[in-house]
K.L.:
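Got a structure for you, questions after.
Here is the naming used below: chain letters follow the sequence lines, and residue numbers restart at 1 for every chain.
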Protein chains: 2
Amino acid sequence: MRVLKYAILGLLDKGSLSGYDMTSHFKAELGQFWSAKHSQIYPELKKLTNEGFIEFKTVIQGSKLEKKMYSITDDGKRELHEWLTAYKPVPDTVKDEFMLKAYFISSMKPAEAEGLFADQLAKRKEKAAFLKERLETLKQEAGPGISFRSPHFGHYLVLTRALERENGYCSWLEKALELIKSGQAGS
Amino acid sequence: MRVLKYAILGLLDKGSLSGYDMTSHFKAELGQFWSAKHSQIYPELKKLTNEGFIEFKTVIQGSKLEKKMYSITDDGKRELHEWLTAYKPVPDTVKDEFMLKAYFISSMKPAEAEGLFADQLAKRKEKAAFLKERLETLKQEAGPGISFRSPHFGHYLVLTRALERENGYCSWLEKALELIKSGQAGS
DNA sequence: CAGGACATGTAACGCGTTACATGATTTG
DNA sequence: CAAATCATGTAACGCGTTACATGTCCTG
């Protein structure tokens, strides 16, 4: 399905970028929902160039270092638009290794399960706090009444969703922990 | 990391299964958080047998049809336990193609974005309703006061998490849709 | 007796990660 | 001047999906 192709086209639709710049985006907010390593990005850039969806200009950074600045072509824009506006089914499976362990909870002792869930809760809370801070920063940059028109709207959507995802996970973990503990008490 | 290995060991820790049985589990509740096709399962079963983590007996179904019933060995149980009780970091990225599109919302017209989000909301609501029904059924089978001791506790955890995941997605989509529509009104 | 479910396998291909490999630039 | 960051590439390997391939059993 080549989703990385569309991730690259989408990034380039906002402005020119080098391959290295793209890896940076995948390490920032966008990385909550999509990412790729540079070893996957560089070959994909070559492929997209051959296909005519993007093009590049070599730029000299400093005195020697060569950098390829990519931009999207009209063909690329058409391709991106087609993907963006296509309605797709919700995936049946979104893989989550922790939930796989949860499914096998009967293979653990209560104390082991409690430890596992408590650890996960602590880590998720930390991540939620981190995302909350990022969102506060964004709100200050973009102003409080963020709207469709704002250049930060995409960031805003991604951050609010990521934060709610973690918060939802946390409240579920808390409920699960109580059930595990009450089962343990009655032994 | 071979997570499929542990998925198989976990399933077998509850009782003997054929490869075909495992694919059925991946199509049921467990499939919300992990799945694999039979083309991946059968080679993995061969590998796990060679490694001594599982073993099988050939059973005749009907008069001719051969079926391999797998069970977990003591080595396999140790291996499973080690994985279950290992604390792991929360993954940085959980891929979500729809959220990638959301990040690129500025490359869409408001009406296009509205259509996309409305479609996603309808599909997520449908999935949430389906999961809610499954959960009601489970509650009737298991009784209302489900606890750690219940043989259905793993199912219960997975279903409640999946349902809350969809509900959370829906409420975020509704908020996003309002922002998109209000931006459109002011154009 | 036909269609769907049960049952098991292999092959080809693409996606994704880790590791290998190199070099320039900036900042403290 | 050392360390971190900027910058680009390839190779090997494993994971996952689609397609190819075959045959039995049960239900209406």
K.L.:
In the 5'-to-3' direction, what one-character label does each nucleotide of nucleotides 23-28 of chain D receive under the scheme B = base within less than 4.0 Å of a protein heavy atom, S = sugar-phosphate only, - = no such atom?
P.N.:
BSS---

K.L.:
Quick one: are A:Leu12 and A:Phe53 in side-chain contact, heavy atoms under 4.5 Å?
P.N.:
no

K.L.:
Just call it for A:Lys47: base, sugar-phosphate, or nothing, with non-hydrogen atoms closer than 4.0 Å on any strand.
P.N.:
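Here A:Lys47 touches no strand at all.
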
K.L.:
Tell me, do A:Ile60 and A:Leu65 make a side-chain contact under 4.5 Å, heavy atoms counted?
P.N.:
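Counting from C-beta outward, A:Ile60 and A:Leu65 never come under 4.5 Å.
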
K.L.:
Would you say the side chain of B:Leu121 lies within less than 4.5 Å of the side chain of B:Glu174, judging by non-hydrogen atoms?
P.N.:
yes

K.L.:
Taking all non-hydrogen atoms of both residues into account, name the closest pair between A:Leu173 and A:Arg124 and its distance.
P.N.:
CD1-CG, 3.9 Å

K.L.:
Under 3.5 Å, side chain of B:Thr85 to main-chain N/O of B:His81, donor-acceptor pair present?
P.N.:
yes

K.L.:
Can you see if the side chain of A:Tyr42 gets near the phosphate of D:dT8 - specifically, an N or O under 4.0 Å from OP1 or OP2?
P.N.:
yes

K.L.:
Got A:Thr49 and A:Glu55 here, is their nearest side-chain heavy-atom distance under 4.5 Å?
P.N.:
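Side chain of A:Thr49 against side chain of A:Glu55, heavy atoms only: no contact under 4.5 Å found.
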
K.L.:
Does the pair A:Lys88/B:Glu97 count as a salt bridge with the N-to-O cut at 4.0 Å?
P.N.:
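Salt bridge present between A:Lys88 and B:Glu97.
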
K.L.:
So do the side chains of B:Leu11 and A:Tyr103 get within less than 4.5 Å of each other, counting heavy atoms only?
P.N.:
yes

K.L.:
By the 4.0 Å heavy-atom rule, please label B:Lys5 as base, sugar-phosphate, or nothing.
P.N.:
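Since no nucleic acid heavy atom lies under 4.0 Å of B:Lys5, the category is nothing.
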
K.L.:
Would you grab the first and last nucleotide of DNA chain C (5' to 3') that comes under 4.0 Å of any non-hydrogen atom in chain A?
P.N.:
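So the outermost contacting nucleotides come out as C:dC15 to C:dT25.
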
